[in-house]
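Since this is a predicted model, take the numbers as computed values, not measurements.
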Amino acid sequence: MSLQDCFRAPEALIPLDQAMVFLTERLEPVVPIEQVPAADAGHRVLAEDVVSPVTNPPFACSAMDGFAFAFDDLPSPGQPAALRVTGRIAAGHVHHGPFGRGEAARIFTGAPVPPAFDTVVMQEDCRVEGEMLELPEGVVRGSWVRPAGLDISAGAVVLHQGRRLRPQDIAMAASVGRTTLSVYRRLKVGVFSTGDELVDPGNPLPEGAVYGCNRQGIVAMVRGLGCDAEDLGNIPDRLDLTRQRLASASERYDLLITSGGVSMGEEDHVKAAVDSLGAIHLWRLAIKPGKPTALGHVGKAAFVGLPGNPVASQVTFMMVARPVILRLAGAVAEPVHPWRFPIKAAFSFDKNEPRRQFIRVSLQRRADGQPEAHLFRSQESNVLSSLVETDGLVDLREDLRHVAPGDMVDFIPYSDLQW
């Protein structure tokens, strides 16, 4: 499917869930597959299933340092007993000789349990005098023995295509003998800000100007998703320059992201520039903050246009751009909607519009130890401290009009949105 078809949707103010359905039905990976050393594959997106050629553990083994024996050799199951220790088995070694009735072996964690034995007792629960082992009462058949295949069976899929690889996934690949993995090439993302009022940090601040921050925040979030992001600077409020910069960048990146310039003002030139170079396929979502968010394509590159207000830029990145990026990068196993956790509200809030709204809250513990959500003092979309000093978002769905103290609300932690 071409990028021209990825985002196609009616030009209308549409609900967020409907927009996500459009995206998930149309988006697919736009990056090629490459082989990398498994140790270097962290945060990459797996491009094919990993099937285990081995059973793990490949043999029954001891889960503890202790003594192995046959449960049926106990004269009175569950009662104290004495056995003779005639062997010693360390991890990485196999005992090849036979064991007679009433015999036991000193065994260490991870060592193979001989076929004649089926039970292990921890060393601290036993008493040893010479060759004689005194077992405590209450021994249970099969205790502290890990059966073969407890973790993995040969032929099982241990890691699924479309998964973003975490440290535990790299360990799993190694545990089945993989030295390389097939992953998608990192998505290349170019990030612009727009606006005559923006000045890069480190420069003098003229009258009427502010330091730009959206570009830097977006680059950090893109990199947090395991993609390659490049800061392409700020575009002044001129249509010709906007078209020129976007056209040039579209040849070098898989995805272009802009902040600002996608609303309906006279100085908002991004939408017109994108329409002339490609198309805007989805524009104006029924969300707050972030209504003017736009998606489409510029030449060969996918395009996401985020609002210019700092909070709106970051929130719409989390809720809209993030799932777009993950799917373009091959992470089809990732859920479109982040996890939501029910939590009790410690605030009142009136929602006056039928748009989906995301409000910033911090978590505090009540006297009984349970967490509750506290509303930040301002929900204006230019108050960046409302993101810095809070822990996550409360998702107020379209049909919700009022939140009262004690109501249960849906909480989304930033930690689930920024990786």
Side-chain angles (χ1 to χ4, degrees), residues 37-43 46 49-160 163 165-181 369 415:
D40 298 332
H43 297 287
L46 191 62
D49 290 348
V50 173
V51 179
S52 176
V54 298
T55 293
N56 198 11
F59 45 78
C61 62
S62 178
M64 289 287 177
D65 292 345
F67 297 88
F69 54 91
F71 185 81
D72 287 339
D73 284 358
L74 302 182
S76 299
Q79 299 301 312
L83 301 173
R84 189 161 63 92
V85 179
T86 61
R88 183 180 187 277
I89 312 169
H93 300 271
V94 178
H95 189 281
H96 292 290
F99 286 95
R101 183 173 179 82
E103 294 183 343
R106 179 80 167 98
I107 198 166
F108 296 87
T109 303
V113 175
F117 293 163
D118 61 3
T119 303
V120 171
V121 172
M122 292 188 295
Q123 61 185 15
E124 52 263 45
D125 292 337
C126 302
R127 182 178 176 185
V128 180
E129 290 189 3
E131 291 186 346
M132 298 308 297
L133 167 69
E134 295 183 16
L135 299 176
E137 64 179 352
V139 174
V140 177
R141 184 191 299 272
S143 59
W144 303 118
V145 174
R146 296 169 177 158
L150 175 65
D151 188 13
I152 301 165
S153 298
V157 177
V158 294
L159 297 171
H160 289 271
R163 182 187 192 92
L165 296 169
R166 305 164 298 172
Q168 55 264 48
D169 302 320
I170 303 302
M172 174 62 79
S175 78
V176 301
R178 292 295 293 266
T179 59
T180 63
L181 292 171
S415 57

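The salt bridge (charged side-chain N to carboxylate O under 4.0 Å, His left out) pairs that include a residue from residues 135-149 are D72-R141, D118-R141, where partners are two or more places apart or lie in different chains.
Atoms CD and CD1, on Q123 and I107 in that order, are 12.0 Å from each other to the nearest 0.5 Å. Rounding to the nearest 0.5 angstrom, the gap separating the CE atom in M172 from the CZ atom in R166 is 10.0 Å. How far CZ of R101 is from CG of D73: 4.5 Å, rounded to the nearest 0.5 Å. A distance of 11.5 Å separates CZ of F99 from CG of L83, quoted to the nearest 0.5 Å.
Nearest heavy atom pair, residue P75 against residue A81, reads CD-CB, 4.0 Å. Taking both residues in full, the closest heavy atoms of R127 and E129 are given as NH2-OE2, 2.7 Å, listed atom of the first, atom of the second, then distance. The minimum heavy-atom distance linking V113 with C61 is given by the pair CG2-C, 3.6 Å. The two atoms that bring G110 and A91 nearest to each other are C-CB, 4.2 Å, heavy atoms only. Closest of all the heavy-atom pairs between A82 and M132 is CB-CE, 4.2 Å. Smallest separation of non-hydrogen atoms from L46 and H160: CD2-O, 3.5 Å.
By the 4.5 Å heavy-atom criterion applied to side chains, F69 and E103 are not counted as neighbours. Between L133 and L135 the shortest side-chain heavy-atom distance falls below 4.5 Å. Side-chain contact between S62 and V145 is absent, with no heavy-atom pair separated by less than 4.5 Å.
Checked against side chain to side chain donor-acceptor pair (under 3.5 Å), E124 has no partners two or more places apart in sequence or in another chain.
Each of L165, L159, D40 was evaluated against I170; a single residue qualifies, L165, per the side chain to side chain contact (heavy atoms under 4.5 Å, CB included) test.
At least one donor-acceptor pair closer than 3.5 Å links the side chain of H95 to the backbone N or O of G97.
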Listing, residues 50-59 side-chain donor-acceptor contacts under 3.5 Å, not counting sequence neighbours, or none:
| residue | atom | partner | partner atom | Å |
| --- | --- | --- | --- | --- |
| S52 | OG | V54 | N | 3.2 |
| S52 | OG | V54 | O | 2.6 |
| T55 | OG1 | A154 | N | 3.3 |

